[in-house]
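Convention: sequence-line order gives letters A, B, ...; per-chain numbering from 1.
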2 protein chains.
Amino acid sequence: MDRAALFQKFVTFTTALHEVTHELTKDIKPDDITPVQYSILEYIAVSQPVTLSQISDCMHISMPNTSRELKKLTEKNLCEKFDVAEDRRKQLIRLSEAGQTMMDVAFQRIGGRFLERIKHVSAEELEDIERALDVLQTKVFQGE
Amino acid sequence: MDRAALFQKFVTFTTALHEVTHELTKDIKPDDITPVQYSILEYIAVSQPVTLSQISDCMHISMPNTSRELKKLTEKNLCEKFDVAEDRRKQLIRLSEAGQTMMDVAFQRIGGRFLERIKHVSAEELEDIERALDVLQTKVFQGE
DNA sequence: CCATTTGGTTATCAAATGATAAGTAATGGG
DNA sequence: CCCATTACTTATCATTTGATAACCAAATGG
């Protein structure tokens, strides 16, 4: 298989993962937050504490819009801002207790669906999967 | 590694792929179509000919909204509708010549970036990657 | 200590997207 | 032949998202 064919396979793969992700995460997001807000919360949950600039950079949302959405999230008591002693311009963002609980429940449910999906795979296959994830992570994703 | 830990790894993996995809596809979409329209064109390009219902189902866009966006795309001469002889309610959608050219160029550029990204991997590693994609495709994605 | 950069906010606007109701026309099953 | 269903359309509305300008305050670097 040449590299062009591998690209084709990669495209198919990406599409399939996208679909699986959609299956795993559908109906997870609470109704009272928007999709963008939910994805910001996901990012905070995984990377907290984070600054506004980090959110803006990583999620490709402009600073003004990040600021706006974050303000809404704090108003909903889902996350909190803390001042940074060393640099008083910066603010660190963390999930509030309610936000943490919400995201814990969400991840719990997604994880459950994932386990359900792989419940039939054997222990050896499980290792194959783990190796596969590592291979792609190291050889394709962290290119340079 | 237990299954819960594998889930963690899967989440990390998904995030990384998302970021890579963003890198590969940024600034590819022409300015005169919206993100949703572009993703519809991607889907048509890969699956043509398709019906409106298929687009609606696969992309998780309601029929009215699919109809609206497709109307805009045909008005921009990027795709065409054909009547189906057997069932006159249905319509098959294909890219127009201009649409095909546009998507060919887009895929060409994305493919180029992908090749650039894997240009340093050896022939053996290439096979590792291919095997990894197959493993995930069969053992995780097509779960039932 | 002044100019520039960084980190963030507020306000405002336009565009994109999502949701719903209501309708047409064709099909298909009793 | 009629009723329910399928496939799609049109219209309309609310919400979300993206983009821009203008601003403040703290830091940083000559």
Side-chain angles (χ1 to χ4, degrees), chain A residues 18 22 25-44 47-76 78-95, chain B residues 18 21-22 25-44 47-76 78-94:
Chain A
H18 194 267
H22 181 266
T25 58
K26 84 172 152 194
D27 303 324
I28 293 285
K29 177 187 80 59
D31 284 337
D32 55 348
I33 59 176
T34 71
V36 169
Q37 285 167 6
Y38 178 74
S39 65
I40 291 177
L41 288 180
E42 272 189 345
Y43 175 70
I44 299 175
S47 310
Q48 62 187 332
V50 290
T51 66
L52 262 149
S53 314
Q54 281 178 290
I55 299 175
S56 172
D57 286 349
C58 296
M59 319 242 14
H60 314 108
I61 301 171
S62 72
M63 274 294 286
N65 292 338
T66 305
S67 179
R68 176 185 62 199
E69 297 309 319
L70 220 55
K71 187 178 173 191
K72 291 180 188 164
L73 287 171
T74 39
E75 279 164 1
K76 291 178 208 262
L78 293 171
C79 60
E80 293 167 342
K81 299 180 180 180
F82 299 91
D83 289 346
V84 175
E86 309 88 65
D87 188 337
R88 282 164 51 200
R89 289 169 305 178
K90 294 189 186 176
Q91 301 188 21
L92 284 180
I93 319 288
R94 284 196 184 78
L95 295 183
Chain B
H18 194 267
T21 303
H22 181 265
T25 58
K26 83 171 152 196
D27 303 325
I28 293 286
K29 176 187 81 57
D31 285 336
D32 55 348
I33 59 177
T34 72
V36 169
Q37 284 166 8
Y38 178 75
S39 64
I40 291 176
L41 287 179
E42 273 189 345
Y43 175 69
I44 299 175
S47 310
Q48 61 187 330
V50 289
T51 66
L52 263 150
S53 313
Q54 280 178 289
I55 299 175
S56 172
D57 286 350
C58 296
M59 319 243 10
H60 315 108
I61 302 171
S62 71
M63 273 294 286
N65 291 339
T66 304
S67 179
R68 176 185 60 199
E69 297 309 319
L70 220 54
K71 186 178 174 190
K72 291 180 188 164
L73 287 172
T74 40
E75 278 164 1
K76 291 178 207 261
L78 293 171
C79 62
E80 294 168 342
K81 299 180 181 181
F82 299 90
D83 289 346
V84 175
E86 310 87 65
D87 187 336
R88 282 165 48 200
R89 289 169 305 179
K90 293 188 184 176
Q91 300 189 20
L92 283 179
I93 319 289
R94 284 196 184 79

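Between the C1' atom of C/dA16 and the OH atom of B/Tyr38 lies a distance of 18 Å, rounded to the nearest Å. B/Arg88 places its CZ atom 12 Å from the P atom of C/dG28, with the value rounded to the nearest Å. Between the CG atom of A/Asp83 and the P atom of D/dA25 there is a distance of 15 Å, given to the nearest Å. Here C/dT27 presents its C1' atom at 13 Å from CD of B/Glu86, a figure rounded to the nearest Å. As a whole-Å value, the separation of B/Glu69 CD from C/dA15 P is 15 Å. One can place CG of A/Asp57 at 13 Å from C1' of C/dG8, the figure rounded to the nearest angstrom.
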Collect all protein-nucleotide pairs involving nucleotides 8-11 of chain D in which both atoms are nitrogen or oxygen and the distance is under 3.5 Å.
from, atom 1, to, atom 2, distance (Å)
D/dC8, OP1, B/Gln91, N, 3.1
D/dC8, OP2, B/Ser53, N, 2.8
D/dC8, OP2, B/Ser53, OG, 2.1
D/dT9, OP1, B/Lys81, NZ, 2.8
D/dT9, OP2, B/Ser67, OG, 2.7
D/dT9, O5', B/Ser67, OG, 3.4

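The closest side-chain heavy-atom distance from B/Pro49 to B/Phe82 is not below 4.5 Å. In this structure the side chain of B/Thr66 never reaches within 4.5 angstrom of the side chain of B/Met59, judged on heavy atoms.
Within the 4.0 angstrom heavy-atom criterion, no nucleotide atom of any strand lies near A/Gln37.
Heavy atoms of other residues, nucleotides or ligands lying less than 6.0 angstrom from NE2 of A/His60 number more than 12. Atom NZ of A/Lys81 has more than 12 heavy atoms from other residues, nucleotides or ligands within 6.0 Å.
Of the residues in residues 28-35 of chain B, those with a non-hydrogen atom less than 4.0 angstrom from any atom of DNA chain C are B/Thr34, B/Pro35.
Formation of a donor-acceptor pair under 3.5 Å by the B/Ser56 side chain with backbone atoms of B/Leu52 is not found in this model. Of the possible donor and acceptor atoms, none in the side chain of B/Thr51 sits under 3.5 Å from a partner among the backbone N and O of B/Gln91. A side-chain donor-acceptor contact under 3.5 Å links B/Thr74 to the backbone of B/Lys71.
Remark: B/Lys72 does not engage B/Glu75 in a salt bridge, criterion side-chain N to carboxylate O under 4.0 Å.
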